[in-house]
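Here is the structure we will look at, set down as structure tokens.
Per chain, numbering begins at 1; letters A, B, ... match sequence-line order. None of the values given here were measured: they were computed from a predicted structure.
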Amino acid sequence: MARSRLETVGSVFSRTRDLIRAGVLNEKPLWFDIYNAFPPLREPVFRRPRLRYGKAKAAIQDILYPEDRIRAFVEKYIELQKLGETDEEKLFVETGKALLAAGVILRRVEARTQKEGGHVSWESEPTGVKPQTVLEKNQPLQEVPQDQHLETSEEQPKGLSPP
Amino acid sequence: MVPAATVPRLLGAGVWPRPLRPHLLQSATPGRARPGGRTLASAATPAVSEPEDSIDVSDKILSQPLKHSDFFNVKELFSVRSLFDARVHLGHKAGCRHRFMEPYIFGSRLGQDIIDLEQTAAHLQLALNFMAHVAYRKGIILFVGRNRQFSHLIETTARNCGEYAHTRYFKGGLLTNAPLLLGPMVRLPDLIIFLHTLNNVFEPHVAVRDAAKMHIPTVGVVDTNCNPCLITYPIPGNDDSPPSIHLFCRLFQTTINRAKQKRRQMEALYRLQGPEGLGARGQGLAASPSLGGTHSPPEGE
């Protein structure tokens with residue numbers, strides 16, 4: 001069977017078709033008609049993989065969900081907590097006491113209020129904060145949780161309750 | 001299977017009773033009046049005479065499945081949900097990404113690439129359909145995969161299909177220098193299916209390039225770090241998780257067995273119908289596996 005071993009020139013199909021047309025290949029291969037009837041979505045032509053230079057980046061977006069904002073807030077909160085913010089601690093202690101009074105039920109309410117607070121906080125936040133950027137930038141983050149604490153105090157125990 | 005075991009079967013494969021190539025004869029045969037005054041149900045078939053001539057019968061057997069978009073009904077074998085449950089959408093980390101896989105990637109979740117399952121479903125349907133047609137036409141299929149974790153699974157899959165597998169070290173000229181390595185008059189595979197496109201050192205498998213050289217179409221599961229350029233029917237999907245590879249092997253096995261069974265049915269059909277003269281009934285029966293015979297036109301099976 002005549003073949004052209006040039007895998008970089010065209011696709012398998014184009015080379016076989018042209019060989020048949022030229023009369024070099026006498027017998028049609030088994031898969032030829034099937035490929036004709038059901039071609040693939042992309043013709044399998046060889047492409048040389050080139051590196052990207054400069055600032056060119058792939059057009060692939062990150063997958064982020066609304067819950068990631070809440071997670072980002074929680075991570076921020078815990079981190080700032082370690083720095084030792086006194087205002088937050090006071091409110092923290094108060095909500096801690098309320099937690100002791102009624103544990104599970106409060107948590108559910110907290111979740112609801114936290115969601116509502118979350119909604120309110122989304123409007124107040126200027127831009128979406130990605131969880132990866134939490135540890136990098138501290139200064140803008142300090143402003144944001146303070147705004148949120150002014151609006152809702154029930155959000156803070158959420159920082160305590162996650163397992 | 002070890003290459004040595006494939007030698008006698010490949011050598012013997014050339015002895016298969018293959019009918020004469022009917023495609024080159026089509027222009028020669030003029031249309032004739034049907035015997036018994038029966039007309040064909042679909043007018044799309046070319047004017048091929050239908051006596052008990054074996055060439056025309058085999059032509060009918062071969063040409064008919066190509067008219068339906070999904071003759072073997074491969075769509076019902078999987079769904080986007082089943083692909084998701086088998087973790088087919090999970091790719092490698094963003095640093096391993098191959099540039100040519102970017103169109104098939106949905107996005108990146110915390111650094112891990114997620115493959116777009118809508119595209120995977122479309123590609124998988126095309127690939128399974130092609131595979132089924134090749135098996136229907138009694139083509140030789142070779143399963144290749146170099147991940148040692150699944151080499152036994154691939155070999156058992158090939159054995160269950162009645163096809164061939166090569167999951168060991170791929171010797172240099174196995175496809176390109178076949179007469180020397182495997183003996184004279186060896187029939188090369190008509191389709192190569194890659195469960196893993198990369199070899200053990202994360203380079204493209206030699207068989208991808210060699211199949212392109214030898215005009216052999218390929219079907220392959222391409223992960224986010226693979227090069228899908230030379231693969232005829234790529235299937236973007238996970239090739240590292242066990243559930244994913246088990247799903248693919250199951251799908252391939254079912255498709256090939258289904259296609260071979262269909263072929264046996266069609267041959268039995270035309271053998272029985274031969275003395276009576278082929279008519280609409282032959283086409284109606286092609287859709288249903290039973291030999292009861294209905295006059296309904298074949299649906300897009």
Side-chain angles (χ1 to χ4, degrees), chain A residues 1-20 23-53 56-65 67-68 71-72 130-134, chain B residues 18 21 23-24 62-63 65-70 94 97-100 102-103 105-114 119 122-123 125-127 129-134 136-140 176 188 190-191 208-219 227-234:
Chain A
M1 182 183 150
R3 288 185 186 94
S4 76
R5 298 190 174 193
L6 304 166
E7 80 273 13
T8 52
V9 170
S11 69
V12 191
F13 175 71
S14 67
R15 273 179 278 139
T16 324
R17 184 197 60 209
D18 295 337
L19 283 175
I20 292 170
V24 178
L25 193 58
N26 299 318
E27 242 193 28
K28 220 188 262 190
L30 198 98
W31 52 270
F32 194 81
D33 292 318
I34 313 170
Y35 189 110
N36 237 336
F38 309 108
L41 295 173
R42 175 197 166 261
E43 204 185 346
V45 187
F46 176 78
R47 276 172 71 193
R48 211 166 280 282
R50 298 269 180 217
L51 285 172
R52 282 202 159 92
Y53 294 105
K57 278 190 182 174
I60 290 183
Q61 53 182 358
D62 280 331
I63 299 173
L64 292 167
Y65 299 101
E67 302 89 79
D68 291 335
R71 284 188 205 118
K130 290 181 189 175
Q132 291 92 344
T133 59
V134 164
Chain B
R18 298 196 67 82
R21 290 288 164 183
H23 317 283
L24 302 170
L62 291 176
S63 65
L66 294 178
K67 297 191 183 88
H68 307 284
S69 66
D70 197 2
R97 192 191 302 148
H98 193 100
R99 189 162 172 180
F100 297 148
E102 278 157 20
I105 291 174
F106 178 75
S108 158
R109 173 67 178 165
L110 301 178
Q112 185 180 12
D113 286 335
I114 306 295
Q119 291 189 53
H123 282 90
Q125 200 253 320
L126 278 173
N129 188 40
F130 186 82
M131 213 186 296
H133 280 279
V134 171
Y136 179 86
R137 290 172 173 234
K138 295 187 182 169
I140 292 182
T176 46
L188 289 178
D190 298 299
L191 173 68
V208 174
R209 196 204 61 191
D210 282 356
K213 276 188 185 285
M214 305 308 285
H215 294 211
I216 299 170
T218 47
V219 165
N227 187 350
C229 278
L230 282 176
I231 296 170
T232 324
Y233 291 89

What are the two closest non-hydrogen atoms of Tyr233(B) and Phe38(A), and how far apart are they?
OH-O, 2.5 Å

Minimum heavy-atom distance Lys213(B)-Arg5(A), with the two atoms named:
NZ-O, 3.3 Å

For chain B, which of Arg50(A), Arg15(A), Glu43(A) has the most heavy-atom pairs under 4.5 Å?
Arg15(A)

Any idea which of His133(B), Arg209(B), His215(B), His98(B) has the most non-hydrogen atom pairs under 4.5 angstrom with chain A?
His215(B)

Checking Thr176(B) against chain A: side chain, backbone, both or neither under 4.5 Å from a heavy atom?
both

Return the minimal non-hydrogen interatomic distance between Ile231(B) and Pro44(A), and the atom names on each side.
O-CB, 3.6 Å

If I take atom OG1 from residue Thr16(A) and atom CD1 from residue Ile216(B), how far apart are they, to the nearest 0.5 angstrom?
10.5 Å

Between Tyr65(A) and chain B, which part of the residue has a heavy atom less than 4.5 Å away: side chain, backbone, both or neither?
both

Value for CZ (Arg99(B)) from CG (Leu51(A)), rounded to nearest 0.5 Å, stands at 8.0 Å

Do other residues, nucleotides or ligands put more than 12 heavy atoms under 6.0 Å from Phe106(B) CZ?
no

Given side chains that start at C-beta, do those of Thr232(B) and Tyr35(A) come closer than 4.5 Å, heavy atoms only?
yes

Which atoms of Pro228(B) approach chain A - backbone, side chain, both or neither, heavy atom under 4.5 Å
backbone

Proximal component of Ser4(A), with respect to chain B [non-hydrogen, under 4.5 Å]
both

Residues Leu41(A) and Ala122(B): closest non-hydrogen pair is CD1-CB, 4.3 Å

Could you give the distance from CG (Leu110(B)) to CG (Asp62(A)), rounded to the nearest 0.5 Å?
8.0 Å

Using a cut-off of under 4.5 Å for heavy-atom pairs, which of Leu126(B), Asp113(B), Leu191(B), Asn227(B) has the most such pairs with chain A?
Leu126(B)

Option in Ser11(A), Pro49(A), Ala59(A) with maximal non-hydrogen atom pairs under 4.5 Å from chain B
Pro49(A)

Part of Arg109(B) within contact of chain A (heavy atom distance under 4.5 Å)
both

Applying side-chain contact (heavy atoms from CB on, under 4.5 Å) between Cys229(B) and each of Arg42(A), Arg48(A), Glu7(A), report the one that passes.
Arg42(A)

Measure distances from Tyr136(B) to the heavy atoms of chain A and classify the residue's part below 4.5 Å as side chain, backbone, both or neither.
neither

Nearest-0.5 Å distance that lies between atom CD1 in Ile34(A) and atom CE in Met131(B):
11.5 Å

